[in-house]
Asker: 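Let me begin by handing over the structure; questions about it come next.
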Number of protein chains: 2
Amino acid sequence: MDIPPLKLAHFKQALKNENLRLTVQRRAILADVLGSDKHREIDEIYLSLKKAGIPVSRATIYRTLDILEQVDFVHKMDIGDGRFRYENNLTGDRGKGHRAHHDHMICDHCGKIIEFVDQEIERRQEKISAEHGFTLLRHSHQLYGLCSDCRYE
Amino acid sequence: MDIPPLKLAHFKQALKNENLRLTVQRRAILADVLGSDKHREIDEIYLSLKKAGIPVSRATIYRTLDILEQVDFVHKMDIGDGRFRYENNLTGDRGKGHRAHHDHMICDHCGKIIEFVDQEIERRQEKISAEHGFTLLRHSHQLYGLCSDCRYE
DNA sequence: CTTTCTGCAAATGTTTTGCATTCAA
DNA sequence: TTGAATGCAAAACATTTGCAGAAAG
């Protein structure tokens, strides 16, 4: 669970810009979220770091994820079950690119989260907003139902 | 703020079917939500009933809105700010029809909620779901930004 | 009268915060 | 050394729940 050198450097710079410090906890939390292609919950991160022997508290995880969201390293998402999820928002190992925007399909039965994008939907959202004189800044779009594995259970 | 006779009758029947009783509180809460074209929060309902001199507690409002949601009289919505909103889900004054499905645009600045529907988006959601073998049961779709009144502030 | 409802206050579950202590630079 | 970060426990918030007394049918 290592942070690619370029991303780590980028993170150090971002911290320095805000007069923030690189701590064991911040490094571990970043590694956790970047190293997973999942949508992580606070408690998953907490338990995972504890198991790895890293001293950390939930408070620090919340505080660190706020910072990571500010600098766009992670994306904070709300699927409506009362807990936030955090997902890696950076591309591969090189450079500081951001992952492309996408929305989510969530299985009511097993909780699986599937990502999707549809350019036509993106366009229609812009069009609808324009028709109402609404300045669209962001959106939240989730599809709920049963994934293919749970469909016939 | 009266409940149209047909709707009241429908509500009484729905309650009877479940062995539930028609109380002053339930009648007042129903009247409140049906009588507003707004997206009501628990506290708005609570304060409004209190002001009208109706004895009620927040607990009862939560419990009653659960019932009203079960019987499809209201729609419970989550715009992601940590509080649920409830909106009237019935048509005019006659019959027991339901309002057409719609999604929402929310102004970050003044909180205004604008409803919208787009058949093409609805179709694409079905299409995307089918492509993933996903059984689509419902969705949540919000556009966030600035409404026309707040655009240049 | 019997059963369901209500209000209260306590419990819940997630996230936030105050503060003394520890640590990065 | 000194300002920032951490961990803890308490606070905040919206919502839920147990229970004794109130009320509907």
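Note that this is a predicted model, so its numbers are computed, not measured. Numbers restart at 1 for each chain; the letters A, B, ... are given by sequence-line order, proteins then strands.
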Asker: Mind checking which nucleotides bracket the chain B contacts on DNA chain D, 5' to 3', with an atom under 4.0 Å from a heavy atom?
Answerer: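 Listing 5' to 3', DNA chain D meets chain B from D/dA14 to D/dG25.
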Asker: Looking at the side chain of A/R83, which of C/dC5, C/dG7, C/dT15 is the nearest nucleotide?
Answerer: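 Among the listed nucleotides, the one closest to the side chain of A/R83 is C/dT15.
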Asker: Drop me the distance from B/I114's CD1 to B/S148's OG, to the nearest 0.5 angstrom.
Answerer: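 It comes to 6.5 Å.
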Asker: Atom CG of A/D81 to atom P of C/dT15: distance rounded to whole Å?
Answerer: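 Distance check: A/D81 CG to C/dT15 P gives 9 Å.
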Asker: Is there a donor-acceptor pair closer than 3.5 Å between any side-chain N or O of A/Q25 and the backbone N or O of A/P55?
Answerer: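 A pair under 3.5 Å: yes.
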Asker: Mind calculating the distance between CZ (A/R63) and C1' (C/dC23) to the nearest angstrom?
Answerer: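 It works out to 14 Å between those atoms.
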Asker: If you apply the rule salt bridge (Lys or Arg N to Asp or Glu O under 4.0 Å), what do you find for A/K112 with A/D108, and how did you get there?
Answerer: CA-CA 8 Å; A/K112 181 158 66 190; A/D108 284 335; over 6 Å; no
Asker: Starting at atom CG of B/L49, determine the distance to atom C1' of C/dT6, rounded to an integer number of angstrom.
Answerer: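 Atom-to-atom, B/L49 to C/dT6, this comes out as 14 Å.
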Asker: Grab the CZ-C1' distance between A/R26 and C/dA25 for me, whole Å please.
Answerer: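 Atom-to-atom, A/R26 to C/dA25, this comes out as 13 Å.
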Asker: C/dA24 C1' sits how many Å from A/Q25 CD, rounded?
Answerer: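 Value for this atom pair: 11 Å.
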Asker: Of B/I42 and B/L20, whose closest DNA chain D nucleotide lies nearer the 5' terminus?
Answerer: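 The answer here is B/I42.
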Asker: Is it the case that A/K76 places NZ or CZ above or below the six-membered ring of A/Y86, under 6.0 angstrom from the centre and within 45 degrees of the axis?
Answerer: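 No.
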Asker: What about B/H139 and B/H101, are their ring centers closer than 6.0 Å?
Answerer: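 When the ring centroids of B/H139 and B/H101 are compared, they turn out to be within the sub-6.0 Å range.
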Asker: How long is the line joining CZ of B/R27 and P of C/dC5, in whole Å?
Answerer: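 Roughly 16 Å, once rounded to whole Å.
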Asker: Over 60° means perpendicular and under 30° means parallel, so classify the ring planes of A/F73 and A/H10, tilted if in between.
Answerer: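 If you compare the ring of A/H10 with that of A/F73, the planes turn out tilted.
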Asker: Could you tell me the separation between the NZ atom of B/K50 and the C1' atom of C/dT6, rounded to a whole number of Å?
Answerer: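 In whole Å, C/dT6 C1' and B/K50 NZ are 11 Å from each other.
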Asker: Starting at CZ of A/R58 and ending at P of C/dT17, how long is that distance when rounded to a whole Å?
Answerer: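 Value for this atom pair: 18 Å.
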Asker: Main chain of B/G145, side chain of A/T135: is a donor-acceptor contact present, judged purely on distance under 3.5 Å?
Answerer: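 Not confirmed, A/T135 side chain does not pair with B/G145 backbone.
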Asker: Tell me whether the OP1 or OP2 atom of C/dG7 has a side-chain N or O from B/T60 closer than 4.0 Å.
Answerer: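 The answer is yes; a side-chain N or O of B/T60 sits under 4.0 Å from OP1 or OP2.
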Asker: Does B/R21 put a side-chain nitrogen or oxygen below 4.0 Å from OP1 or OP2 of C/dC5?
Answerer: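 For B/R21, the contact criterion (side-chain N or O under 4.0 Å from OP1 or OP2 of C/dC5) is not met.
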